Amino acid sequence: MAESKDSVFVDVEKIYLGGKEHHVRTGCGSVSVIVYGDQDKPALITYPDVALNYMSCFQGLFFCPEAASLLVHNFCIYHISPPANILHYQQIVHRFSFLALSQEFLQLGAAPISPDDPLPSVDDLADQIIEVLNYFGLGAVMCMGVTAGAYILTLFAMKYRQRVLGLILVSPLCKTPSWTEWIYNKVMSNLLYFYGMCGLLKEFLLQRYFSKDVRGSAEVPESDIAQACRGLLDERQGINVLRFLQAINQRRDITSGLKKLRCRTLVFVGDNSPFYSEALHMITKLDRRYSALVEVQACGSMVTEEQPHAMLIPMEYFFMGYGLYRPCQLSDSPRSPLSPSCISPELLSPESMGLKLKPIKTRVSLEG
């Protein structure tokens, strides 16, 4: 990793399992990156959805023991955030002393950005990633993003094809906002501008992230996952969230470039996600030789939190195409809603991507 006073202004040791936070200056502001693992291993970068940070977007997946063993055994993890000001670290340690946070643009305790600062575009956010990779001396990387984060990483893969090994996209976006989404985003933007992270705004965001079963109702109490997310949203600086939301609401349609992607792509989407149809549209535009869709039943957009075990076995077979495996082949997890018997035999056939991935669905038990 190159040492440069111009590109990095603080390195802070964090608590989360030995991870280290770096604040990297880019052409469009500071980017917080938490690095966890052996930096000699292949790199996996993550990028969260609107108003989320690493903890609220990916902890369900990384706290799943089987998934953690698969990912951490094979990769060094780089949790990338959009730009913002420096994290107020002591505030976070006081409340979450067992975790290191990666989100800076939307981070807990982060100082608000000045409204006069230029609004970054989605291209600016994608270009920041190449600056981060260059700073750490990384070549081609594996990418994992959720919804807005999935869009940014897909755009990055289109612009810098030689720097992407593969894409794992969760409830991804690829088109301009529909009228419904555009109106929702405008309402949320106005709420953020005038009221900050108010109760109504949190309800809109929870609808974006989770299925109705997780959000609860008058008859069914709100789940622990939704309650935890609601609590984390309380800590957001409204102006920081507003800027990322505005950038995403001004995104362009990137459908035409999807066929040109040659990296392997694994798409997850919950069948209760408001972006379900967009994920289906995206998979039809990707080259079928290099892509696969996994539909997760009884799940919202954030599969990483709501049904992380549904991601395990598809990711295992996906990584086999790169010669990557879990450190020890354990028996099928009883908690996993997907087992090898659910997967089409063609999935295991070696072809151009090492594996032939076909659209498959998980069957999630609502009892567990």
Side-chain angles (χ1 to χ4, degrees), residues 42-47 61 67 70-71 74-75 78 122 126 129-130 133 138-175 252-270 273 275-296 303-304 310-326 338 340 342-362:
L44 169 67
I45 67 173
T46 71
Y47 210 105
L61 179 64
L70 173 67
L71 296 172
N74 289 297
F75 298 100
Y78 296 77
V122 290
I129 298 174
I130 197 68
L133 299 194
L138 301 176
V141 299
M142 187 71 66
C143 301
M144 179 186 295
V146 176
T147 310
Y151 177 93
I152 298 297
L153 291 177
T154 303
L155 181 58
F156 170 71
M158 290 178 174
K159 299 181 75 170
Y160 304 97
R161 296 179 194 171
Q162 301 304 314
R163 305 299 289 272
V164 178
L165 288 172
L167 291 169
I168 300 173
L169 308 175
V170 181
S171 303
L173 307 173
C174 65
K175 299 189 291 185
R252 67 180 189 276
D253 192 320
I254 57 175
T255 301
S256 61
L258 294 175
K259 282 288 186 186
K260 299 176 183 178
L261 286 177
R262 288 296 177 266
C263 63
R264 304 168 186 178
T265 304
L266 181 59
V267 177
F268 293 91
V269 64
S273 168
F275 308 108
Y276 174 77
S277 61
E278 188 149 349
L280 297 186
H281 169 78
M282 184 175 188
I283 201 68
T284 64
K285 302 303 179 181
L286 288 165
D287 192 322
R288 291 190 176 186
R289 296 174 298 170
Y290 305 106
S291 60
L293 172 68
V294 179
E295 299 176 46
V296 184
V303 183
T304 50
M311 300 179 65
L312 175 61
I313 291 177
M315 285 196 305
E316 281 196 84
Y317 287 113
F318 181 70
F319 290 145
M320 284 180 189
Y322 300 88
L324 302 175
Y325 302 87
R326 272 199 281 172
L338 186 66
C342 301
I343 299 176
S344 171
E346 291 88 344
L347 184 65
L348 308 179
S349 302
E351 287 195 0
S352 58
M353 57 182 304
L355 298 170
K356 182 179 180 182
L357 298 178
K358 285 194 170 183
I360 55 178
K361 290 189 178 182
T362 64

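When reading the values below, keep in mind they use all heavy atoms of this one structure, side chains included, and skip hydrogens, waters and symmetry mates. Model, not experiment: these values are computed from the prediction.
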Please round to the nearest 0.5 Å and tell me the distance separating atom [atom1] of [X] and atom [atom2] of [Y].
| X | Y | atom1 | atom2 | value |
| --- | --- | --- | --- | --- |
| Arg262 | Arg289 | CZ | CZ | 5.5 Å |
| Thr46 | Leu71 | OG1 | CG | 10.5 Å |
| Leu286 | Thr255 | CG | OG1 | 9.5 Å |
| Met320 | Arg326 | CE | CZ | 9.0 Å |
| Met282 | Ile254 | CE | CD1 | 6.0 Å |
| Met315 | Leu324 | CE | CG | 12.0 Å |

Open item on the list: I'd like to know if Lys175 and Glu278 make a salt bridge, using a cut-off of under 4.0 Å between side-chain N and carboxylate O.
Closed with: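 Answer for the salt bridge query: no.
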
TODO: Check for a donor-acceptor pair, side chain of Tyr322 on one end and backbone N or O of Leu165 on the other, with a separation under 3.5 Å.
DONE: yes

Open item on the list: Keeping Arg163 on the side-chain end and Leu138 on the backbone end, is there a donor-acceptor pair under 3.5 Å?
Closed with: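 Answer holds: yes.
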
Nearest heavy atoms of [X] and [Y], plus distance in Å:
| X | Y | value |
| --- | --- | --- |
| Ala140 | Gln162 | CB-O, 3.7 Å |
| Gly270 | Val303 | N-CG2, 3.9 Å |
| Asp287 | Ser291 | O-OG, 2.9 Å |
| Pro314 | Met311 | CD-O, 3.6 Å |
| Leu173 | Phe275 | CD2-CD2, 3.3 Å |
| Thr284 | Lys259 | O-NZ, 4.0 Å |

Check whether any side-chain heavy atom of [X] lies under 4.5 Å from a side-chain heavy atom of [Y], and answer yes or no.
| X | Y | answer |
| --- | --- | --- |
| Leu261 | Thr154 | yes |
| Met142 | Pro42 | no |
| Ile45 | Leu133 | yes |
| Leu258 | Met158 | yes |

Open item on the list: Between Phe75 and Phe319 (judged by ring centroids, cut-off 6.0 Å), do the two rings come close enough to count as a pair?
Closed with: yes

TODO: Please test Tyr78 against Val141 for side-chain contact (heavy atoms from CB on, under 4.5 Å), starting from the C-alpha separation and ending with a verdict.
DONE: CA-CA 10 Å; Tyr78 296 77; Val141 299; over 6 Å; no

Task: Phe156 and Tyr160 aromatic ring geometry - parallel, tilted or perpendicular at 30°/60° bounds - done: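 Judged by the thresholds at 30° and 60°, the geometry between Tyr160 and Phe156 is tilted.
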
Open item on the list: Just to verify, which of Val294, Ile168, Thr265 counts as forming a side-chain contact (heavy atoms from CB on, under 4.5 Å) with Phe318?
Closed with: Ile168

TODO: Using the side-chain contact (heavy atoms from CB on, under 4.5 Å) rule, take Glu295 and Leu280 through it: C-alpha gap first, then chi angles, then the decisive distance, then the call.
DONE: CA-CA 9 Å; Glu295 299 176 46; Leu280 297 186; 4.1 Å; yes

TODO: Please name all residues satisfying salt bridge (charged side-chain N to carboxylate O under 4.0 Å, His left out) with Arg252, sequence neighbours left out, ordered by chain then number.
DONE: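 With neighbours one apart ignored, the set is Asp123.
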
